[in-house]
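Worksheet: one structure, shown below.
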Amino acid sequence: MVDNENTTDSTNLALDSTSPLYMHPSESAGSMLVPAIFDGSVYRSWRRGVLRALSMKNKVGFINGKCRKPEPQDPKYDQWERCDDMVTSWILNSISKDLADSLQYVNDAQELWKELEDRYDQTNEAKLYQLQREINELSQGTLDITGYYTKMKKLWEELNTLNAHA
């Protein structure tokens with residue numbers, strides 16, 4: 001008879017749906033996190049969508065460093081690597097092929113996220129000026145009131161987010 005109390009059963013970890021290491025059977029490396037592919041523009045909108053999707057999957061810890069890589073001898077090591085590879089694949093599938101090709105050799109999801117942040121999350125005066133100009137020049141024109149309000153609100157929210165990073 002096998003003494004199951006003293007052995008590590010990796011299926012216990014896989015069945016704990018509250019663990020960031022849990023992967024639902026329906027999840028695949030080909031899944032898209034967000035509906036629109038990031039092509040180098042509107043980074044903050046894309047970033048927000050990715051963070052929301054990863055949060056729903058309990059995987060934000062892989063990009064912010066809270067879900068740390070275990071030592072190779074740790075029983076959770078293989079599971080962590082599978083999850084990290086899945087998060088990396090999801091992010092790479094959510095960006096254009098040209099951008100993804102330049103990021104194929106990152107080591108893990110956290111490094112990939114940091115690289116994207118370094119490249120695209122730059123608050124610059126030109127972007128602030130552009131948003132302020134768009135807000136100042138915005139007119140209702142042929143838009144109905146709901147369309148006009150939605151466009152104005154989006155610009156203001158983008159400006160507030162940009163100012164928060166400045």
Please lay out, stage by stage, how Met23 and Met86 fare under the test side chain to side chain contact (heavy atoms under 4.5 Å, CB included). CA-CA 9 Å; Met23 292 300 299; Met86 187 71 80; 3.2 Å; yes
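- In terms of modelled atom types and a separation under 3.5 Å, the side chain of Thr150 and the main chain of Thr146 share a donor-acceptor contact.
- With rounding to the nearest 0.5 Å, the separation of NZ in Lys57 from OG in Ser31 is 5.5 Å.
- Between the side chain of Asn93 and the backbone N or O of Ala29, at least one donor-acceptor pair lies under 3.5 Å.
- Of the possible donor and acceptor atoms, one in the side chain of Asp84 sits under 3.5 Å from a partner among the backbone N and O of Ala109.
- At least one side-chain heavy atom of Glu81 sits under 4.5 Å from a side-chain heavy atom of Lys69.
- Looking at heavy atoms from C-beta onward, Leu112 lies out of side-chain contact with Ile63 at the 4.5 angstrom threshold.
- Taking both residues in full, the closest heavy atoms of Val34 and Gly49 are given as CG1-C, 3.4 Å, listed atom of the first, atom of the second, then distance.
- Here the closest heavy-atom approach between residue Ile145 and residue Gln140 is recorded as N-NE2, 3.7 Å.
- A donor-acceptor contact under 3.5 angstrom links the side chains of Tyr43 and Glu117, judged on distance only.
- Atom CG of residue Leu33 and atom CE of residue Met56 lie 8.5 Å apart, to the nearest 0.5 angstrom.
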Derivation and outcome, side chain to side chain contact (heavy atoms under 4.5 Å, CB included), residues Arg47 and Trp113: CA-CA 10 Å; Arg47 177 185 185 273; Trp113 193 252; 3.6 Å; yes
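- Two residues are said to be in side-chain contact when any heavy atoms from C-beta on lie closer than 4.5 Å; Trp156 and Lys151 fail this criterion.
- Of all heavy-atom pairs spanning Cys83 and Leu21, the tightest one is SG-O, 3.0 Å.
- If you look at Trp80 and Phe62, their ring centroids are closer than 6.0 Å.
- Side-chain contact check for Arg133 and Gln130: no donor-acceptor pair (N or O, by modelled atom type) lies under 3.5 Å.
- In terms of heavy atoms, Thr88 sits closest to Asp108 at OG1-C, 3.6 Å.
- Between Val60 and Lys66 there is no side-chain heavy-atom pair separated by less than 4.5 Å.
- Between Gln110 and Asn64, every side-chain heavy-atom pair lies at or beyond the 4.5 Å cut-off.
- With no hydrogens or angles considered, a side-chain donor-acceptor pair links Thr18 and Asp16 at under 3.5 Å.
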Evaluation steps, side chain to side chain contact (heavy atoms under 4.5 Å, CB included), between Ile37 and Trp46: CA-CA 8 Å; Ile37 297 287; Trp46 174 85; over 6 Å; no
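- Judged by distance alone, with hydrogens and angles left aside, the side-chain atoms of Ser89 form a donor-acceptor pair with the main-chain N or O of Asp85 at under 3.5 Å.
- In this structure, Glu134 and Leu159 have side chains that are not in contact, with every pair of non-hydrogen atoms separated by 4.5 Å or more.
- Residues Tyr120 and Phe38 are in side-chain contact: their nearest non-hydrogen atoms beyond the backbone lie under 4.5 Å apart.
- In this structure, Asn136 contributes its side chain and Gln132 its backbone to a donor-acceptor pair below 3.5 Å.
- For the pair Lys59 and Trp90, the NZ or CZ position fails the cation-pi test of under 6.0 Å to the six-membered ring centre and within 45 degrees of the ring normal.
- Looking at heavy atoms from C-beta onward, Leu116 lies in side-chain contact with Leu103 at the 4.5 angstrom threshold.
- With hydrophobic clusters built from ILVMFWY side chains whose heavy atoms lie under 4.5 angstrom apart, Leu143 does not share a cluster with Tyr149.
- Screening Glu115, Lys97, Arg119 for a side-chain hydrogen bond (donor to acceptor under 3.5 Å, both in side chains) involving Ser102 leaves a single residue, Arg119.
- A salt bridge links Asp118 to Lys114: one of the charged nitrogens lies within less than 4.0 Å of a carboxylate oxygen.
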